[in-house]
Amino acid sequence: MRHIYLVTHPEAQHHVDGIVGGWHDSELTARGHLQAERIAEVLASRIGLQPVEVYSSDLRRASKAAERIARRLSVEVQTDARLRERSNGEADGRPQAWLNERRIPLPEYGDRLGHHDGPAGAETRMALVERLYPALDDIVRRPVANQIVVSHGSASSYLIAAWIGMPPMTSTDRAFFPLTSGSITTLLRNDTHFSHQVITLNETQHLHDLGEPRPGAT
């Protein structure tokens, strides 16, 4: 059996400030650090003394949370820029209202993965998929049965799609799993019939006494 614990990074400063995330290298808030500690407690209780690896986006709001988790488990973090959120190009780090005024809406039909949102330098969803799928492939090739991956809201949604084998060209243009900042999603490979399962999705109960978690973390 293989368990992958997919963590959506905790609350970051750009959430509070109404700033576009993407590749903007926002720090965790004080509450985000508390959320990271809670996540570390939950994962340590589930994994115990079993071997584990911790992977993370290299953006600070993810990697700092991953470092706290890794310290609790006495391992090192392996960062991978492929696990970053989708870039919004020149909109990253600007007020969300600035992006909202300029964004080209995603069409209901047609080339949704190849759709460009408008801001110069922004990634398409296809570009995001093309780096996330290989990143997950590289992680699952490792022999360790417990792995933790700390990423971002949209990126983590596509990682779930990759895990359950959704073909990127025909399924990921419409599938989406809304994930909350600080949430844990548990993925399992069942070795009896070789299925890839989603055991829990968007767990947030460990955060409830810290205030309402923020939906749609990026």
Side-chain angles (χ1 to χ4, degrees), residues 2-12 14-15 20-23 32 35-36 38-39 42-43 46 54-57 59 61-62 65-66 69 80 82-88 96 103 105-109 112-115 117 122-140 146-190 195-208 212-218:
R2 176 191 295 271
H3 284 87
I4 296 179
Y5 300 95
L6 182 58
V7 175
T8 307
H9 73 76
E11 182 184 85
H14 74 276
H15 295 148
V20 178
W23 287 10
Q35 291 174 340
R38 290 291 177 82
I39 294 165
V42 169
L43 294 177
R46 294 182 185 178
V54 179
Y55 296 88
S56 176
S57 158
L59 295 175
R61 57 190 185 272
I69 295 166
D80 188 337
R82 294 177 297 174
L83 296 172
R84 286 185 177 194
E85 186 56 285
R86 184 167 70 93
S87 171
N88 297 287
Q96 185 66 47
R103 175 177 278 151
L106 186 66
E108 184 175 1
Y109 301 103
R112 289 165 52 85
L113 286 176
H115 172 77
D117 290 339
E123 283 187 300
T124 63
R125 288 158 185 82
M126 178 54 76
L128 177 61
V129 167
E130 286 176 340
R131 60 178 166 84
L132 287 172
Y133 271 56
L136 186 64
D137 282 346
D138 288 346
I139 290 169
V140 299
N146 294 283
Q147 294 168 308
I148 298 165
V149 179
V150 185
S151 189
H152 307 258
S154 295
S156 293
S157 176
Y158 287 113
L159 288 170
I160 296 170
W163 174 252
I164 61 178
M166 282 187 167
M169 292 300 294
T170 58
S171 299
T172 55
D173 71 321
R174 214 164 282 283
F176 194 78
F177 302 90
L179 300 171
T180 304
S181 57
S183 68
I184 302 171
T185 293
T186 305
L187 310 175
L188 171 70
R189 174 187 155 96
N190 186 312
S195 61
H196 282 204
Q197 303 175 8
V198 180
I199 301 300
T200 68
L201 179 66
N202 199 43
E203 288 183 73
T204 59
Q205 61 266 32
H206 51 284
L207 307 177
H208 285 173
E212 189 67 25
R214 295 178 181 272
T218 60

Next on the checklist: side chain to side chain donor-acceptor pair (under 3.5 Å), that's the test. Do His15 and Ser181 meet it? Break it down for me.
Outcome noted: CA-CA 10 Å; His15 295 148; Ser181 57; 4.8 Å; no
Next on the checklist: Applying side-chain contact (heavy atoms from CB on, under 4.5 Å) to His14 and Arg61, what does each step give before you reach the verdict?
Outcome noted: CA-CA 10 Å; His14 74 276; Arg61 57 190 185 272; 3.4 Å; yes
Next on the checklist: Leu43 vs Val7, test: side-chain contact (heavy atoms from CB on, under 4.5 Å). Steps then yes/no.
Outcome noted: CA-CA 10 Å; Leu43 294 177; Val7 175; 4.0 Å; yes
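The CG atom of Leu159 sits 7.5 Å away from atom CD1 of Ile139, with the distance rounded to the nearest 0.5 Å. The CD1 atom of Ile160 sits 9.0 Å away from the CZ atom of Phe176 when rounded to the nearest 0.5 Å. Distance check: Asn190 CG to Gln197 CD gives 5.0 Å after rounding to the nearest 0.5 Å. The distance from the OH atom of Tyr5 to the CG atom of Leu188 is 8.5 Å, given to the nearest 0.5 Å. One finds the CG atom of Asn202 at 5.5 Å from the OG1 atom of Thr185 (value rounded to the nearest 0.5 Å). Rounding to the nearest 0.5 Å gives a distance of 10.5 Å between CG of Asp173 and CZ of Arg125.
Taking both residues in full, the closest heavy atoms of Arg189 and Trp163 are given as N-CZ2, 3.5 Å, listed atom of the first, atom of the second, then distance. Of all the heavy atoms in Ser157 and Phe177, the pair that sits closest is OG-N, 2.8 Å. Residues Ile164 and His196 share a closest heavy-atom pair of CG2-O, 4.0 Å. Nearest heavy atoms, Gly21 versus Asn88: C-ND2, 4.3 Å. Minimum heavy-atom separation, Ile39 to Pro10: CD1-CG, 4.0 Å. Listed here is the closest heavy atom pair of Glu85 and Ala155: OE1-N, 3.1 Å.
Using a distance-only test at 3.5 Å, with no hydrogens or angles considered, a donor-acceptor pair links the side chain of Gln35 to the main chain of Glu11. One N or O on the side chain of Ser151 and one on the backbone of Leu83 form a donor-acceptor pair closer than 3.5 Å. Panel note: side chain Arg174, backbone Arg112; no donor-acceptor pair is recorded below 3.5 Å. Judged by distance alone, with hydrogens and angles left aside, the side-chain atoms of Arg82 form no donor-acceptor pair with the main-chain N or O of Arg131 at under 3.5 Å. Arg86 places no side-chain N or O within donor-acceptor distance of the main-chain N or O of Ser154, the cut-off being under 3.5 Å.
For the pair Thr186 and Glu203, the minimum side-chain heavy-atom distance is below 4.5 Å. In this structure the side chain of Thr172 reaches within 4.5 angstrom of the side chain of Tyr158, judged on heavy atoms.
With sequence neighbours excluded, no residue satisfies ring-ring contact (aromatic ring centres under 6.0 Å, His included) with His206.
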